[in-house]
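Take a look at the structure set out below.
Since we're looking at a predicted model, the values are computed, not measured. Note on naming: letters A, B, ... go to the chains in the order of the sequence lines (proteins, then strands), and numbering restarts at 1 for each one.
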Amino acid sequence: MCGIAGLLKTDGSNAAPDRLRQMIAALPYRGPDASGVHVSGACGFAHARLSIIDLQSGAQPMSNVDGRLWITFNGEIFNYLELREELINRGHSFATRSDTEVILNAYSEYGEDCVKRFNGQWAFAIWDTSERKLFLSRDRAGVRPLFYTQTKDSFLFASEVKALMVCPEVSREFDPLGMDQAFTFWVTLPPRTVFKHISQLPPGHSMTVQGARVRVQQYWAMPYVEERESRNGHERGRVEELLHLLIDATRIRLRSDVPVGAYLSGGIDSALTTALIGKIAGERLRSFSLTFADAEFDESPYQLEASAFLATQHSSVSCSQADIAQVFPEVIRHAESPLFRTAPAPMFLLSRLVRESGFKVVMTGEGADEAFGGYDIFKEAKIRRFWGQNLESKWRPLLLKRLFPFLQDFQRQPTANLRNFFRVTTEDLSNPLFSHMRRWELTAKLKMLFSSEIQTEIGQYDAMAELTESLPADFCSWTHFGQGEYLEAKYFLPGYLLSSQGDRMAMAHSVEGRYPFLDYRVVEFGAKLPARLKMRVLNEKCLLKQACDGLVPESIIRRPKQSYRAPEGRCFFDENAPDYVEELLSPSAVEKAGVFDKRAVSILKSKFADGKEGSFKDNMGVVAVLSTQLLATQFINQTMGAN
Amino acid sequence: MQTTDIGHEIRSFLVDNFLFGHSEKLQDDEPLLGNVIDSTGVVEFVVYLQERFAVTVEDDEVTTENLGSVRNAIAFIEGKLLHKA
C-alpha cells in the first residue's frame, strides 16, 4: 500500500521533479518506507512506498524491462502469481518478484483490458513512452482512492486531494453541488468531490490522457441480475460455493512478505474472515478491536468470545468521547470530506494500535453487508414496501419495531412516530430510490444550515434527480432488494465506508486493509444470489450465517446485528471539549468559511447546551458542520504545505 | 391563551428546533410529522407541548389528525386547554 502522485504537462514542457517531490511529500504516512520520483519528458510520477510485497526490489516508480512503460501503483494485485506465470508463458521477462511489474507486463500484453484480469485493490498510472499515453485505473469496489484535476498546462493526479493542493495553480474551493450531494447521500457522486475542479476516478473505471484528449471508461459493473432457481434450489450447494470463494479470496489476500493481522468487531463478518485466515495460515493470528466505555456502543464481550473461540492473540483499544473529540481534526485532515458521524475517529485509533503492534496489513470484513443483505436499511425497505402494499393495514407498520434493536431511543418511540417517519405513499413505491429516500430526505434537511450564498449557488439543483438519471438502464427491472444493495454498494461503500472509514483511517497510520468480501468473485456471487437467500423474512445474511456454521461461535451467529457506531454530538460539548470546537462554531469562523449560516449554526449548537443530547438529525448536523469547518480551515483557507 | 399566541409559540418552537431558524419553510397546512419533524423529534415536540401548555398527550394521540400540521397542532392544543378550563 502506498501513495501515488503524478502529472502530465500538456503544454509541451517537461514535468518538474521538484513539483512531484512536493506532491508526494504531502502523503508521508501512505508510504513511510521509501519514496521515489521519475520523469520521462512531459510525464512524471512520484511514489511513497509501504513495503509489503518484494521488500528488496519493488521500488517505484518502476519501468518494464525494455523501459517503454513506467508505473506508479498503490495497492495489491492478489492474483499476481498466477498472472506472472501466464505472462512468462507468453514470453515476458521479469526483473522483480513484485505485483507492480506484473501490471506493467499485463498492460504490455493485454492493453487497457488488463485490469479485467486483476483481482485486487488498486489505483495506478502507467505512462506509455512510445504512445505518449497516460493510463489510470481504479479497482472495482473503490478500495483505493484516485483523484485528478486539470490546470491550463497540466493534468495532475494523486491518492489524496492534499497532494494536488500543494500545487498553487490548483484551486482550493468547495464545490456547492458537491456539498449538496454530500449533505444528501453522505458521499458525493463520482467523479464529483466536495472540492471544485477536483474529480475522483469512479470505482471500476479507467481513464486515458493522450494529448488534449481525456477518456474515462467503465470496465466493470456489478451484475445485479438474480439467477433463476427453482423454489427448492440447492441452498446447501450455494453455501459451499460461497465458502469455497471466501477461502480462496482470503488465501490470495494472505500473500504478503510481512505478517497479516485481523480486525474482530464482534460481528459475523470479521469473525468469519478471521476464522478463514486461521484455517489457511494455520498459525496463531493477531486480532485487534475497538472497545467503548459507553455500553451502548461496546461489543467487547462478543469480541473476546470470538477471540477465545478462534484462539487469536487479541489486543483492543478503548475509545472515549474525549478521544473522539481530540483526534477529530486529524481524522478530517485524512478523510478530506465532510463527515456525518464520528465513527471514522475510533477507526483511526484502531489503526494506530495495529501499527504500534508492528503490523502493516490487516484483514477485515467490509463488503459482507452489501453483498449478503446485512444492513437494516434493506430490512426497513422490505417492511415499508410490505406496508405499502396495504396502506390501511394496522399491523404491518408494527414491524418497524423490529428495526434497530440496538437503538434505545428508537425502541422507546410510540409506533405512531415510526409510522410518520417511515411513511409510505403509493407514489413512493414506484420511486427507484425507494429503499434510501427517507434517509436521504432526512440528511438533506441539513442543507437548511447552508449560508444563503451556498444555497443560491445550488439553486434548483436536485441531487436525487441526478442520481436517478445515472442509474443503469435496466435498474427498474431488478429485484427491489437488489436495487437497495446497488445503491449501498455503488455509493456509500466506496465513498464512505472504504474511504473515510477505511483507506484513509488505516493509511493515516500506514496500515493496509484487505477485504476478502470485496473479492470481485464474491461480490458477483452475492449480486446474483436470490434475495430470499440473503434475507429470509427479516433474518439478515441467512446464507452467510450458514457458511459461518462451525467456524464462528454460535452466539455471534445468532446475536441481533448491531451496526458499528460511536458517540456523536455529545463528544464535542462536554466541559472538557477541545477549544477548537468553540472556535470553529463561533459566528465569525462560520462566516469566514462561508458554507453555513451563523444563526442556524448557533441554533444547532444550542440543541446540545446543558448536556442535552440532540436528535438524530442534530447529531448528524453538528458532526457535519464541525467537519466542514475543519475542512475549510485545513484545505480552503490555508496554503497547503508539504506537511 | 389566545389562538394567535398558541400559534406563535408553536411556530417559534418548530422553526428554532427543526428548521434552524428558517421560518419561511414552515407553512400552516404542510405535513409536519416525518417532514419537518423527524422520528425522534416527535418526542421532543410532544414534551414541549406538554410542558409549555401543561397538557397531557397520550401516545395514541400522536396522529396526523392531531399533530400533522401547524394548524392541526394549534387546534389540538386549543381543544386540550378548553377541556381543562
Exercise for the section: Under 4.5 Å heavy-atom distance to chain B, tell me which part of A:D597 shows up: side chain, backbone, both or neither. Expected result: neither
Problem - A:K617 to B:F18, cation-pi by 6.0 Å centre distance and 45° axis angle - result: no
Exercise for the section: Would you indicate whether A:E582, at its atom CD, is surrounded by more than 12 heavy atoms from other residues, nucleotides or ligands within a distance under 6.0 Å? Expected result: no
Practice task
Supply the atom-to-atom distance A:K445 NZ to B:K25 NZ, rounded to the nearest 0.5 angstrom.
Solution key: 10.0 Å
Exercise for the section: May I ask you to say whether A:R599 pairs ionically with B:D16, meaning some side-chain N is under 4.0 Å from a carboxylate O? Expected result: yes
Practice task
Against chain A, work out which of B:L32, B:L19, B:L67 has the most heavy-atom pairs shorter than 4.5 Å and name it.
Solution key: B:L19
Practice task
For atom CD of A:Q389, decide whether the heavy atoms of other residues, nucleotides or ligands shown that lie under 6.0 angstrom number more than 12.
Solution key: yes
Practice task
Mark yes when over 12 heavy atoms from residues, nucleotides or ligands other than A:F616 sit less than 6.0 Å from its CZ; otherwise mark no.
Solution key: no
Handout entry: Proximal component of B:D60, with respect to chain A [non-hydrogen, under 4.5 Å]
Key = neither
Exercise for the section: Determine the minimum heavy-atom distance between A:I603 and B:F20, stating which atoms define it. Expected result: CD1-C, 3.6 Å
Practice task
Please say whether more than 12 non-hydrogen atoms of neighbouring residues, nucleotides or ligands are located less than 6.0 Å from NZ in A:K592.
Solution key: no
Exercise for the section: Go through the atoms of A:K607 and report whether side chain, backbone, both or neither lie under 4.5 Å from a heavy atom of chain B. Expected result: side chain
Handout entry: Residue selection (most heavy-atom pairs with chain B, distance under 4.5 Å) from A:S606, A:G621, A:S615, A:S602
Key = A:S615
